[in-house]
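These figures come from a predicted structure and were not determined experimentally.
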Amino acid sequence: MRLALPRPAIRYTAAVLVWLCLLPLDAASAGATADLPSCSRRFTLAFHDHGLLYSKATQQGIDRDVADELIKRSGCAIETTVMPRSRIWVWIESGELDFSMSGISNESREKFAGFAWYLFNKYQFLLRKDAQVSTLEGFERSPELYLGQIRSFRYSERANQLVDRLAANGRINEVADHAQLLEMMTRNRIQGMIIEPFNFSQVERAALSKLTRTLDFGDPPVLHGLIMSKKSLPEAEQAKWRAIIDGMRRDGTLLKIMRKYFSPEDAKAFVTF
């Protein structure tokens, strides 16, 4: 049975439809764009060279794909560059840099940076087989063994605790990027380093897979996300950028990006949190 509208309702509905059709494009789309970030200036975003997250040589990677989608959805102009992770954190804190990618939080960083999560992964310990130890405890008890670390990097809880104890005993060699760490491991200048799944392909290319083994810290996965400078981006604007990242996860875009680099099962694990 068809529902018959009263004549006044029909006239009202028709009037509304005509009014909507006559709206200017900007007015009709205002509701859809109201929650997008303000594009009142050109923003800055820095990548760091780190395996499958971003390769300086190819200018490709997971972080590049996420950033490109972020730029597309926001409609804002964002100038991208590559710099060491240690400088990124300093510039995020000062407000000289608006964004960076795949950052993890801690108490000190929360004071100057906001985050929008898009990855979830575990840290592991890469150990040289000829170090004559087979456990994390054995590594820590052997004063002749050294850990390599990228400056300013932090990890999961137990990994951080190990790093801090080794640093207190002068057993850390710090470098600017991951490629240097792999070279030091190859030359046996360090005997251990902390890696993520994004680094496994680098380990294989450096012919380190035959020389090393991986150990598990037993820590849960750690969230990684878009880093936003609190000094340059008000909280209300941070929320809008965060909403874009959340939308990418809800509609499957982040999963699609991860499947370019990992198996379907692994890709799903990275974005399920």
| message | Between Y261 and D65, is the side-chain hydrogen bond (donor to acceptor under 3.5 Å, both in side chains) condition met? List the steps. | response | CA-CA 11 Å; Y261 303 91; D65 293 346; 2.7 Å; yes
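- For the pair N199 (side chain) and E196 (backbone), a donor-acceptor distance under 3.5 Å is present.
- Remark: M193 CE to L181 CG distance equals 4.5 Å, nearest 0.5 Å.
- Checked for salt-bridge contact, R85 and D177 miss the test: no charged N lies under 4.0 Å from a carboxylate O.
- Between the side chain of R171 and the backbone N or O of L145 there is at least one donor-acceptor pair closer than 3.5 Å.
- A distance of 8.0 Å separates CZ of R154 from CD1 of I104, quoted to the nearest 0.5 Å.
- A distance of 8.0 Å separates CD in Q238 from OG in S229, rounded to the nearest 0.5 Å.
- Heavy-atom minimum distance, Y123 versus S156: CD1-N, 3.5 Å.
- The two residues Y118 and L226 have their closest heavy-atom pair at CE2-N, 3.2 Å.
- A continuous path of ILVMFWY side-chain contacts below 4.5 Å connects L119 to W241, so both sit in one hydrophobic cluster.
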| request: Assess whether ring-ring contact (aromatic ring centres under 6.0 Å, His included) is satisfied between F198 and F270, documenting all intermediate values. | output: CA-CA 11 Å; F198 317 115; F270 283 124; 5.6 Å; yes
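- You'll find the side chain of I257 stays beyond 4.5 Å of the side chain of R259, heavy atoms only.
- Looking only at distances, a side-chain donor or acceptor of N160 sits under 3.5 Å from a matching main-chain atom of Y155.
- Taking 4.5 Å as the limit, some side-chain heavy atom of S102 sits within range of a side-chain heavy atom of D63.
- Residues L215 and F139 have side chains not in contact (no heavy-atom distance under 4.5 Å, counting atoms from C-beta outward).
- A donor-acceptor pair is defined here as one N or O able to donate and one able to accept, closer than 3.5 Å; no such pair exists between the side chain of R189 and the backbone of G148.
- Expressed to the nearest 0.5 Å, how far CG of L147 lies from CG of N173 amounts to 8.5 Å.
- With contacts defined as side-chain heavy-atom distances shorter than 4.5 Å, the pair L208/T186 qualifies.
- Taking 4.0 Å as the cut-off between side-chain N and carboxylate O, D68 and R64 count as a salt-bridged pair.
- Residues R73 and T253 have side chains that bring a donor and an acceptor to within less than 3.5 angstrom of each other.
- Pairing each heavy atom of G138 with each of V133, the nearest pair is O-CG1, 3.6 Å.
- Between the side chains of S94 and E96, at least one donor-acceptor pair of N or O atoms lies under 3.5 Å.
- S201 has its side chain within reach of L52: a pair of non-hydrogen atoms, C-beta onward, lies under 4.5 Å apart.
- Taking the side chain as every heavy atom from C-beta outward, D164 and Q161 never approach each other to under 4.5 Å.
- Note on I150 and Y54: separate hydrophobic clusters, where clusters join Ile, Leu, Val, Met, Phe, Trp and Tyr whose side-chain heavy atoms are under 4.5 Å apart, directly or indirectly.
- S209 and E204 are not linked by any side-chain donor-acceptor pair at a separation below 3.5 angstrom, with hydrogens and angles left out of the test.
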| task | May I have the step-by-step check of side-chain hydrogen bond (donor to acceptor under 3.5 Å, both in side chains) for H178 and D49, ending in yes or no? | result | CA-CA 7 Å; H178 209 264; D49 194 6; over 6 Å; no
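- Side chains of L254 and V66 form a contact here, defined as non-hydrogen atoms less than 4.5 Å apart.
- A salt bridge does not link D98 with K231: every distance from a Lys NZ or Arg NE/NH1/NH2 to an Asp or Glu carboxylate oxygen is 4.0 Å or more.
- Summarising the geometry of S38 relative to C76, their closest heavy-atom pair is O-SG, 3.9 Å, with the distance given to 0.1 Å.
- A salt bridge does not link R141 to E137: none of the charged nitrogens lies less than 4.0 Å from a carboxylate oxygen.
- Here the CG atom belonging to L45 is positioned 7.0 Å from the CG atom belonging to L97, to the nearest 0.5 angstrom.
- The aromatic rings of W89 and F115 sit tilted relative to each other, their planes meeting at an angle between 30° and 60°.
- Side chain of H224 to main chain of V222: a donor-acceptor pair is present (N/O by atom type, distance under 3.5 Å, no hydrogens or angles).
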| Working for side chain to side chain contact (heavy atoms under 4.5 Å, CB included), residues S74 and K240 | CA-CA 9 Å; S74 70; K240 295 175 183 179; over 6 Å; no
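- Between I92 and F112 there is a side-chain heavy-atom pair separated by less than 4.5 Å.
- Side-chain atoms of Q191 do not come within 3.5 Å of backbone N or O of R128 as any donor-acceptor pair.
- Ring-plane geometry between H50 and F153 is classed as tilted, the angle between the planes lying from 30 to 60 degrees on a 0 to 90 degree scale.
- Here the OG-CD distance, from S152 to E174, works out to 8.5 Å after rounding to the nearest 0.5 Å.
- Ionic pairing of D219 and R158 is present here: one or more N-O contacts between side-chain nitrogen and carboxylate oxygen are shorter than 4.0 angstrom.
- N188 places no side-chain N or O within donor-acceptor distance of the main-chain N or O of M184, the cut-off being under 3.5 Å.
- The residues K256 and E69 are annotated as not salt-bridged, no charged nitrogen and carboxylate oxygen being separated by less than 4.0 angstrom.
- Nearest heavy atom pair, residue S232 against residue R41, reads O-NH2, 3.4 Å.
- S55 contributes no side-chain N or O that, together with a main-chain N or O of G51, makes up a donor-acceptor pair within less than 3.5 Å.
- Contact between S108 and N106 at its shortest, heavy atoms only, is OG-OD1, 2.9 Å.
- Relative to the ring axis of F273, R249 places its NZ or CZ within 45° and under 6.0 Å from the centre.
- Counting only distance, with no hydrogens or angles, the side chain of E79 and the backbone of F43 share no donor-acceptor pair below 3.5 Å.
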| query | When you look at I78 and T44, which way does the side chain to side chain contact (heavy atoms under 4.5 Å, CB included) test go after all the steps? | reply | CA-CA 5 Å; I78 300 182; T44 55; over 6 Å; no
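- F262 and F200 have their aromatic ring centers separated by at least 6.0 angstrom.
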| field | Evaluation steps, side chain to side chain contact (heavy atoms under 4.5 Å, CB included), between T214 and F125 | value | CA-CA 5 Å; T214 56; F125 192 86; over 6 Å; no
